[in-house]
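Below: the structure, in structure tokens.
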Number of protein chains: 2
Amino acid sequence: MTVIFSKKCEYGLQAILYIATHTMGKAVPAEKISQALKIPREFVSKILQDLKASGLVGSVKGKAGGFFLGKEPSQIKLIDIVEAIDGLEMFNSCVLGFPECTPDAPCPVHNKWGILRDQAYQMLKAETLDQLKERTLNKISKL
Amino acid sequence: MTVIFSKKCEYGLQAILYIATHTMGKAVPAEKISQALKIPREFVSKILQDLKASGLVGSVKGKAGGFFLGKEPSQIKLIDIVEAIDGLEMFNSCVLGFPECTPDAPCPVHNKWGILRDQAYQMLKAETLDQLKERTLNKISKL
DNA sequence: CTTTAACCAGACAATTTTATCTGATTTTCA
DNA sequence: TGAAAATCAGATAAAATTGTCTGGTTAAAG
Ligand code: SF4
Ligand code: SF4
């Protein structure tokens, strides 16, 4: 299977986007995220607990508890979630899987892939959650 | 883990590039590929057997046997190997993992990711094995 | 103060991916 | 003809990823 992000990372990205757009001042329970995004509840819960360790989300226990953003929406970028879950290794390794990505021994598609890789990185780094809000709402509302 | 291609696919790409540059008219045994690319022999052998089913490689049994390209190097592109092993699904699905990639409900990074995805596809489709030969040799010789 | 709804920690299970093994067959060559 | 070197098919094993369960703790609300 060809994959960009692990399932965990995809779910993490989706969940954070969901929280950012549906928080209304209150904490969002895992159950709600699970239903909206069709992710198993315990699984998304686990992932958010992991993201908590990175400071990207916070949580409150007990009734009316749930998850919320750990920083201002204007301070969170998609790359932050990717880094927390999958790491940034892919942005520094060979697309063909050759060991070592050195300038004097580039893989055969170096000149093209290197550029794409950087653009992908820039893309994830470019916009903050608040800037993505409108488009996120449009997507999630049609799920 | 973040990944572009599965290990199988990476190994398949590397192995085909190796065969294309080291065939010298004869069949290349899995053992030789295994040593050169540091891929477990039985594993690369399996992968090449799979690629044989797609017509990308051929094989001869017995002593002095091994694998060879199933087509002219000028007729094989990297995308062919990717398609045979991992399929082309990634070039038609959402980078954030949202179900359905529809024009009226694009994911929040649609306008940027869509372009990158197409460029990646074009990259893999652009050059044939013979065109990649020189750069491949340079990479493999420094492994 | 009891019920309820939530997070949380850690074990557990299922699935997929990656890798190895075993034995059979084929071909070359001395 | 027999030993050696290779593919090949299928079973098996190991590892990683994905998903589930159990029981505990916390906090709101009646
Ligand atoms: S293109 Fe160059 S930099 Fe990019 S992955 Fe291949 S070797 Fe590494
Ligand atoms: S950007 Fe649009 S086309 Fe690309 S993956 Fe996201 S939804 Fe699909």
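Quick note: numbers below take in every heavy atom, side chains included, and nothing from hydrogens, waters or symmetry partners. Keep in mind that what you see is a predicted model, and the values were worked out from it rather than measured. All chains are named by letter (A, B, ...) in the order of the sequence lines, taking the proteins before the strands, and each is independently numbered beginning at 1.
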So which nucleotide from [options] ends up closest to the side chain of [X]?
X	options	value
A/Lys61	D/dT20, C/dA19, C/dC7	C/dC7
B/Glu42	D/dT20, C/dT22, C/dC8	C/dT22
B/Phe67	D/dT7, D/dT18, C/dA19	D/dT7
A/Lys63	C/dA19, C/dA5, D/dC8	C/dA5
A/Lys52	D/dA28, C/dC8, C/dA19	C/dC8
A/Tyr11	C/dA19, D/dG19, D/dA29	D/dG19

Thinking salt bridges, do B/Glu127 and B/Arg135 make one under a 4.0 Å N-O criterion?
->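 Looking at B/Glu127 and B/Arg135, the cut-off is met.
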Has A/Ser45 got a side-chain N or O lying under 4.0 Å from the OP1 or OP2 atom of C/dC8?
->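 It does not, given that no N or O in the side chain of A/Ser45 lies less than 4.0 Å from OP1 or OP2 of C/dC8.
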Is the shortest heavy-atom distance from the side chain of B/Phe68 to the side chain of B/Val28 under 4.5 Å?
->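 B/Phe68 vs B/Val28: side chains apart.
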Any side-chain heavy atom of A/Leu88 within less than 4.5 Å of one from A/Ile79?
->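 Side-chain contact under 4.5 Å: yes.
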Which distance, rounded to the nearest 0.5 Å, do you find between the CG of B/Leu116 and the CD1 of A/Ile115?
->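 So the CG of B/Leu116 and the CD1 of A/Ile115 are separated by 11.5 Å.
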Is a donor-acceptor contact shorter than 3.5 angstrom present between the side chain of B/Lys46 and the base of D/dG10?
->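 Yes, the side chain and the base share a sub-3.5 Å donor-acceptor pair.
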